[in-house]
Asks: 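If you scroll down you'll find the structure; I have some questions about it.
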Amino acid sequence: MAFWPKKKTVRASSVCDPQASPYAVFEGVGLTVGRKRILEDLTLSLAEDRVGVIGLNGSGKSSFVRLLNGLRSPDTGSLSLFGAPSREAEPELPRHVGFVFQNPDHQAIFPTVEEEIAFGLTQLGADKAESRSRARAFLAEHGFEALAGAPIAELSEGQKQFVCILAVLVMEPRLLVLDEPMTSLDAFSMRRLRRKLLALPQKIVMISHDLDHFRGFDRVLWLEEGRLRMDGRPEEVLAAYQGDVDVRLAEDMEAAAI
Amino acid sequence: MIPVYLPLDSWAHRVPAGFKLVILALSSVLLFQVVSVWVAAGAFLTVLLAYASLGRAGLEQLRLLKALKLFAAVLLIVNWYNGAVMDGVFAVLRLLTMVLAANFVSVTTRMDDMLAAIGPVFVPFRWIGLSERKPALGVTLVLRFVPCLLQVFGALREAYRARTGKSSSWRLIGPLGIQSLRMSDHVAEALAARGGAEGLARFTALAGATGRSERVSKRRNDGI
């Protein structure tokens, strides 16, 4: 009889191949959260460098991107990430997929900039002293040296979001997933962040409501009520989406007039 | 939720994290052995002086007392109803002293220092095959997020005042519970997104910057 929980078997071997292309293959993937069906019958594969995700509120965008780093797992269909079935890949995914949350306040765990960056390095196995010095060097590389000791709570929204992105990038992921990263940024911070993102070597999947943010992207996915409504070149998908929003608005105004 | 930290270079920041935690633990045990209300009042005063020694930023932290007003009032009323006002005063002094002292340690200690100080306590876990990192992280998060809970309560009070004109109400206890659960959800998700409490060290030895072929051959070498 054991008086403590059994030790989980530590899998020392890696099942993911960070260089896999496509890095994500969805086949009939569906997801239910609570009693709500969030995603239904998604079939697509992702290999492009810059992929955008659009859709109205509640269309399943956030849940969709959460599948990519194992924060959610599909309950129907099959999903393969970096060449491995998602269930097997899940424990390892945070190593290859950096996830940037919409609200930096929900992402930052540590009080100061340097600790937040260093945390990713300790997660990868570095000790405290090493991760601290590497975090400082990484911040200096990105021009954030002066803010190393600063409390994150006292930074501007733009700086907070950038710190959150750096905290993920320091782990050198292959894919960067961003869930509406520019929502609370002013025009200047927004454009600066966009420029920096486009210059990154990582593959990117990004949700945004501002369609301008997808300039320079290779592909855009349009989700509607948990299904893939359209998938293709940004100019085509964005135009169709814009047209759909216009139609909805016209209908809404008509309904209000009656 | 981003934990609060005072970026100063004070005496309190220079005291080792482990020492501060031991003093905090000892004083909370001792405070419950104290029988004289004057000693309890002295302890409260000492904590106030500690904040004052940090200067203006330290004194600003005493805004916490506002958030604790409601709890203090409930304690006093219950004891008054039972005919033991002095017991109530005693309980309030203890509560305020301990919350302020815990907050003092929290805002003057870096979280990674705190984690490093708490880690060794759980080393025996390793002897029975469990990870010591998990409970250490748990304890650190609790200590760090106490001031955050008080911040959440402050925000709720503000929202309540904006719509009712009253400063506080027992009705806020429910929403405070819900908001704290939401906060812990966010922290849990943020932690999971970066590899969870166990970390990713077990994968980095093999994955890292190496290519597939190299890893496959390594795996073969490991007999997998």
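In the text below, chain A, chain B and the rest are named by the order of the sequence lines, each starting its count at 1.
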Asks: Which atoms of L6(B) come close to chain A, meaning under 4.5 Å heavy atom to heavy atom: side chain ones, backbone ones, both, or neither?
Replies: neither
Asks: Select one option (side chain, backbone, both, neither) describing which atoms of A116(B) are under 4.5 Å from chain A's heavy atoms.
Replies: side chain
Asks: Run the salt-bridge test on R161(B) and E158(B) with the 4.0 Å N-O cut-off and return the result as yes or no.
Replies: no
Asks: Counting heavy-atom pairs under 4.5 Å to chain B, which of P94(A), P111(A), G98(A), G70(A) comes out on top?
Replies: P111(A)
Asks: Between F82(A) and H96(A), what is the ring plane arrangement, given parallel below 30°, perpendicular above 60°, and tilted in between?
Replies: tilted
Asks: Side chain, backbone, both or neither: which part of I152(A) has a non-hydrogen atom closer than 4.5 Å to chain B?
Replies: both
Asks: Under 4.5 Å from any heavy atom of chain B, what part of E154(A) do you find: side chain, backbone, both or neither?
Replies: side chain
Asks: Stepwise, does the side-chain contact (heavy atoms from CB on, under 4.5 Å) test hold for L26(B) with V29(B)?
Replies: CA-CA 5 Å; L26(B) 282 179; V29(B) 173; 5.7 Å; no
Asks: I want to check something: taking the side chain as every heavy atom from C-beta on, are F162(A) and K196(A) in contact at a cut-off of under 4.5 Å?
Replies: yes
Asks: Does K128(A) have any salt bridge (Lys or Arg N to Asp or Glu O under 4.0 Å) partners at least two apart in sequence or in another chain, and if so, which?
Replies: D113(B)
Asks: By a 4.5 Å heavy-atom criterion (distance strictly below it), what part of R66(A) contacts chain B: side chain, backbone, both, or neither?
Replies: side chain
Asks: Under a 4.5 Å cutoff for heavy-atom pairs, which residue among N103(A), L71(A), N69(A) has the most contacts with chain B?
Replies: L71(A)
Asks: Do R37(A) and T76(A) have side-chain atoms, one donor and one acceptor, less than 3.5 Å apart?
Replies: yes
Asks: For A167(A), is it the side chain, the backbone, both, or neither that has a heavy atom closer than 4.5 Å to a heavy atom of chain B?
Replies: both
